[in-house]
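Below is one structure; the comments refer to it alone.
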Amino acid sequence: MNVFNAYKDRLLDLLHAMAGDGTLPAGLDLSRVTVEPPRDPAHGDLATNAAMVLARPAGLKPRDLAETLCARLTAEAGVAEAAVAGPGFINLRLVPAVWLGSLRACLRKGERYGDSTLGNSRRVNVEFVSANPTGPMHVGHARGAVVGDVLAGLLEKAGYRVTREYYVNDAGAQVDALARAVHARYRQALGRLSDDALDTLLATKAIEYGGDYLIPVGRVLADEMGDRWVDAPEAEWLPAIRERAVAMMMDLIRDDLAALGIAFDVFTSERALVAAGRVDDTLAFLSDKGLIYTGVLEPPKGKTPEDWEPRPQTLFRATDFGDDVDRPVRKSTGAWTYFAGDMAYHRDKVARGFQDLINVFGADHGGYVKRLQAVVRAVGEDQASLDVKLCQLVKLLDNGEPVKMSKRAGTFVTLREVVDRVGRDVVRFIMLTRKNDAALDFDFAKVTEQSRDNPVWYVQYAHARACSVARHAAEIFPGRDLSPAALADAAVERLEAEEERALIRLLAGWPRVVESAAEAHEPHRVAFYLADVAAAFHGLWTKGKDDVALRFLRPDDETLSLARLALVQGVATVIASGLGVFGVQPVRELR
RNA sequence: GCGCCCGUAGCUCAGCUGGAUAGAGCGUCGCCCUCCGGAGGCGAAGGUCAGGGGUUCGAAUCCCUUCGGGCGCGCCA
């Protein structure tokens, strides 16, 4: 049970009762009432702002209302003490049993500790990665991939039903360019295009994609198709080669994602949407609502493109939904714009029953957010909403030196290289050590360093250390049942040291971290919380180094040892639970 | 020119959707532990939350504005 929620519920019951007996006016807005841990632990275990946010609408003075509430709260079960402080805070101190109970719950639930019903099984669609299917993933994709996957995992833990989705951009000019590059590799594989001639094509940019990863693709096509398309006109081979090439690129990308531990539930093909007439449907739907019209846009102020000329275009009335300008849906060739496809795609998501949409994009797509949100509002009839998480780029460093990357020179770092070098778990964790909208340094040397500076190591070390204590306990107390379930019945009331109590309260905060991080769509909060837990645990361990009385295991006092082992096991459980959200394997020993 | 994101200790960053005296790590300085070094422990200094105005019981957080940085800005995806 989430202690904070439990007491908030009780507080709300109390407020309703007060409204019932006339102490408070009826119909007060209670949505701003919070129950939180106070900033300074000396203030107590819980603090509520209820008196301050309700005083004005109730026509009372904050301190007076606080006094009244305080008196009633003192009578609640588990409340040891309630006091008014500052401008009208009410600080509560709970009897130890409440916190000890949450430690027991943690041990009984194991990694499922922290699971929440906040989401109420509501469905959420998280779209992420969606990299063009033109080659393997590079390191720039890693952050969005991890943030999306972990956000999805976090929402699942918070009780949402999550679909992980990838939008395959297989309909634009990029995949045509891919097909041309593959066709050249196909001719090369058949000995019908010399290496020099290929180099010339690349140098003149007749071919856009020059990576070696296309060589095997050319060979496969040569095997499958023989030489029938060597001299055929482009119009004949392009669709078939494009389809085959895209499929193989998606295999490549799926492998890369698997190396990072990521699997998608749904891949949606842009080309299939277009072919099924979904773009036409969407435009017709919006047109019926008067949201499509022909008009002429103003040139962007201060930065008019050279070739600007006013021309009538088919536009979506995005400004009706908060966008800065109406957006074109059709090119002058008559073809749909990329945006038109995206409109159909997001309508498709809503049609599949999702009202909560999340997209994870690179920061360079920031300019795209408003128009997509406008689309979602327009097609969702105000029932659906879209949140976009923009990920800033990752600076790759090696011992402080920037890793040179240049697509032209072909030295860009692939996702696979990074994963192979430092491991999947390290990549995943590090990507979450910053807010998604802040730039992130990824230093090969630092992320594998064994030091307190390195949060991955520090958190893993705490887990390993906790496991190590458990192993020692098994040696000191042979034959004892030291399973978490058994430890849940240990004499945890013997945990009386202030540091122990503080750690117990910290562990009790895990369900709250899950809920607030899920609500804010901010998985990085979990990383910071785990670092806090690790720090508190390491600190407690270190105290035992100086003072034998504080050591977890005391051969002379089995009851106390088991109580402390319960706390240690609680630490391991919460860390494992948090790493589980990250899709990171907790280690049982460091090597 | 417009829009979005960002600006918090010397450095790297947190700050729980508006709460109490703004925190952590590293670095610096002092002390402890140690044969020495490394690692570790205790403590201290360090802040106009980029500047200014506003909203209210209360602002790093919300609004306006200035400055500074990043990204984007009609047929590319």
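Each chain gets a letter, A, B and so on, in the order its sequence line appears, and its residues count up from 1.
- Nearest to the side-chain atoms of A:E270 among the listed nucleotides B:A77, B:A20, B:C16 stands B:A77.
- What separates OH of A:Y529 from P of B:A24 is a distance of 19 Å, to the nearest Å.
- Under the 3.5 Å distance criterion, with hydrogens and angles disregarded, no donor-acceptor pair is assigned to the side chains of A:D453 and A:Y458.
- A:N132 comes within 4.0 angstrom of sugar-phosphate atoms only, judged by non-hydrogen atoms across all strands, and of no base.
- Taking atom NE2 of A:H43 as the reference point, atom C1' of B:C16 lies 17 Å away to the nearest angstrom.
- A salt bridge is absent between A:R180 and A:E208; no separation between the charged side-chain nitrogens and carboxylate oxygens falls under 4.0 Å.
- Within 4.0 Å of A:A520, counting heavy atoms only, lies at least one base atom of the nucleic acid.
- For B:U17, the base adopts the syn conformation, since its glycosidic angle falls within 90 degrees of zero.
- Partners of A:H141 under the ring-ring contact (aromatic ring centres under 6.0 Å, His included) rule, at least two apart in sequence or in another chain, are A:H138.
- For the pair A:D323 CG and B:C4 P, the computed distance is 11 Å after rounding to whole Å.
- Within 4.0 Å of A:D342, counting heavy atoms only, lies no atom of the nucleic acid at all.
- Ranking B:A20, B:C76, B:G19 by closeness to the A:A47 side chain, first place goes to B:A20.
- Every pair passing salt bridge (Lys or Arg N to Asp or Glu O under 4.0 Å) that includes a residue from residues 434-446 of chain A is listed here, sequence neighbours excluded: A:K395-A:D441.
- A:R525 meets the salt bridge (Lys or Arg N to Asp or Glu O under 4.0 Å) test with A:E522; sequence neighbours excluded.
- As judged by a 4.0 angstrom heavy-atom cut-off over every strand, A:P299 is placed among residues making no nucleic acid contact.
- Both the sub-6.0 Å distance and the 45° axial angle are not jointly satisfied by A:R371 relative to the ring of A:F316.
- When both distances must be under 3.5 Å, the Watson-Crick or G-U wobble mate of B:A24 is B:U12.
- Here B:C76 presents its C1' atom at 16 Å from CG of A:D170, a figure rounded to the nearest Å.
- Scanning for side-chain hydrogen bond (donor to acceptor under 3.5 Å, both in side chains) contacts around A:E298 gives an empty result, with sequence neighbours left out.
- Shortest non-hydrogen contact noted between A:P312 and A:T294 is CB-CG2, 4.0 Å.
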Once each nucleotide of nucleotides 38-43 of chain B is scored for protein heavy atoms under 4.0 Å, what B/S/- sequence comes out, 5' to 3'? --SS--

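- Rounded to a whole angstrom, the distance from the P atom of B:U28 to that of B:G68 is 35 Å.
- The salt bridge (Lys or Arg N to Asp or Glu O under 4.0 Å) test applied to A:D320 returns no partner, not counting sequence neighbours.
- The CG-C1' distance, from A:D453 to B:C11, rounds to 12 Å in whole Å.
- Atom CD of A:E36 is separated from atom P of B:A20 by 10 Å (rounded to the nearest Å).
- Here B:C5 presents its P atom at 16 Å from CZ of A:F361, a figure rounded to the nearest Å.
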Tell me, for nucleotides 29-36 of chain B in 5' to 3' order, what letter each nucleotide earns: B for a base near a protein heavy atom under 4.0 Å, S for only sugar-phosphate near one, - for neither? --------

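- Between the side chain of A:Y160 and the backbone N or O of A:G153, no donor-acceptor pair lies under 3.5 Å.
- Under the ring-ring contact (aromatic ring centres under 6.0 Å, His included) criterion, A:F321 pairs with no residue at all, not counting sequence neighbours.
- Considering only heavy atoms from C-beta on, A:L28 comes within 4.5 Å of A:P25 through its side chain.
- Within the model, atoms CG of A:L550 and CG of A:L540 stand 7.5 Å from one another, a figure rounded to the nearest 0.5 Å.
- Aromatic ring centres of A:F128 and A:Y166: separated by at least 6.0 Å.
- Electrostatic pairing of A:R327 and A:D323 counts as a salt bridge here, judged by a charged N lying under 4.0 Å from a carboxylate O.
- Atom C1' of nucleotide B:C16 and atom CD of A:E519 are separated by 11 Å, given to the nearest angstrom.
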Show each protein N/O and nucleotides 58-63 of chain B N/O combination with a separation under 3.5 Å, one pair to a line.
residue	atom	partner	partner atom	Å
B:G58	O6	A:R32	NH2	3.4

Considering only nitrogen or oxygen atoms on both sides, find all protein atoms under 3.5 Å from nucleotides 71-75 of chain B and state each distance.
residue	atom	partner	partner atom	Å
B:C71	O2'	A:A363	O	3.1
B:G74	O2'	A:Q313	OE1	3.3
B:G74	O6	A:D307	O	3.3
B:G74	O6	A:E309	N	3.4
B:G74	N1	A:E309	O	2.9
B:G74	N1	A:R311	NH1	3.2
B:G74	N2	A:E309	O	2.9
B:G74	N2	A:R311	N	3.4
B:G74	N2	A:R311	NH1	3.4
B:C75	O2	A:S332	N	2.4
B:C75	O2	A:S332	OG	2.2
B:C75	N3	A:S332	OG	2.6
B:C75	N4	A:R311	NH2	2.9

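- Residues A:T134 and A:N132 have side chains that never bring a donor and an acceptor to within less than 3.5 angstrom of each other.
- With A:R505 as reference, A:E498 is the one residue of A:E500, A:E498, A:E499 to meet the salt bridge (Lys or Arg N to Asp or Glu O under 4.0 Å) rule.
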List the atom pairs, with distances to 0.1 Å, where a side-chain N or O of residues 506-518 of chain A and a protein N or O form a donor-acceptor pair under 3.5 Å, not counting sequence neighbours.
residue	atom	partner	partner atom	Å
A:W510	NE1	A:Y113	O	3.0
A:W510	NE1	A:S577	OG	3.0
A:E515	OE1	A:N5	ND2	3.0
A:E515	OE2	A:S116	OG	2.8
A:S516	OG	A:R512	O	3.1
A:S516	OG	A:V513	O	3.3

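- Only A:R434, A:K435, A:D437, A:A439, listed by number, bring a heavy atom of residues 432-447 of chain A to less than 4.0 angstrom from any atom of RNA chain B.
- A gap of 16 Å separates the C1' atoms of B:C36 and B:G40, to the nearest Å.
- Look at B:C4: its Watson-Crick or wobble partner, with both distances under 3.5 angstrom, is B:G70.
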